[in-house]
Amino acid sequence: MSEFVKVANLSELTPGTRKMVELDEVTVAIFNVNGQVYCIEDICTHDGGPLADGDIDGYSIACPRHGALFDLRDGQVLSMPAVVPVPTYRVKIEGDDIFVESPDDW
Ligand code: FES
């Protein structure tokens, strides 16, 4: 059974903003894109660089190192040089609280 961990308040994570959170030694990034919240791991699958500071265009995020593009909604690769999707994690919102699937379930 999945366990969710509170990571932020929706009132803080306004549309267009992001937040990095460390959970059990895994750094994840939470994004609010047009009012929808998504969570990905903060590691590019191309060469292990941090991903979450990359530029966002619509639902895509560009790796700051070599420019691979990933879809924030499902982690799929949109552009080389990465070829492996980035892990994404389920998000649950209850009132003002944002929860992410627990690392124990990852
Ligand atoms: S480390 Fe992300 S594209 Fe190379």
Side-chain angles (χ1 to χ4, degrees):
M1 184 168 145
S2 293
E3 184 180 331
F4 285 79
V5 177
K6 182 181 173 184
V7 291
N9 290 96
L10 193 55
S11 53
E12 300 170 345
L13 195 77
T14 54
T17 63
R18 68 190 80 182
K19 179 180 181 180
M20 270 71 101
V21 180
E22 189 148 333
L23 296 173
D24 279 3
E25 300 177 11
V26 176
T27 303
V28 300
I30 307 152
F31 301 84
N32 184 332
V33 183
N34 298 325
Q36 294 293 311
V37 179
Y38 303 99
C39 180
I40 65 170
E41 193 166 329
D42 184 24
I43 294 181
C44 179
T45 58
H46 171 236
D47 197 24
L51 180 58
D53 281 334
D55 291 337
I56 294 174
D57 182 12
Y59 293 102
S60 75
I61 184 165
C63 178
R65 290 185 70 194
H66 311 112
L69 295 176
F70 298 91
D71 193 316
L72 289 170
R73 295 170 291 186
D74 57 11
Q76 292 300 311
V77 177
L78 301 174
S79 174
M80 300 275 273
V83 293
V84 175
V86 69
T88 59
Y89 304 108
R90 290 193 295 162
V91 172
K92 184 168 76 173
I93 296 174
E94 292 180 356
D96 189 44
D97 297 329
I98 301 172
F99 298 87
V100 169
E101 200 170 14
S102 152
D104 292 336
D105 299 311
W106 294 354

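Position 1 is the first residue of the sequence; numbering continues from there. Values below: every heavy atom of this structure, side chains too, minus hydrogens, waters and symmetry copies. Note that ligands are numbered from 1 as they come in the structure, with each ligand's atoms numbered from 1 the same way.
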Sidechain-backbone polar pair: N9 side chain, S11 backbone, donor-acceptor under 3.5 Å: no
Expected output: side-chain D42 to main-chain L51 donor-acceptor under 3.5 Å: yes
A68: numbered ligand 1 atoms lying under 4.0 Å from its heavy atoms: 3 (S)
Contact atoms of ligand 1, heavy-atom distance to C44 under 4.0 Å: 1 (S), 2 (Fe), 3 (S)
H66: its N/O/S atom lying closest to atom 4 (Fe) of ligand 1 (atom name): ND1
same_hphob_cluster(Y89, I93) at 4.5 Å side-chain heavy-atom cutoff: yes
Same cluster (ILVMFWY, side-chain, under 4.5 Å), V84 and L69: no
D47 CG: over 12 foreign heavy atoms closer than 6.0 Å: yes
Heteroatom N/O/S of H46 within less than 2.8 Å of atom 2 (Fe) of ligand 1: no
Region of C63 engaging ligand 1 - heavy atom pairs below 4.0 Å: side chain
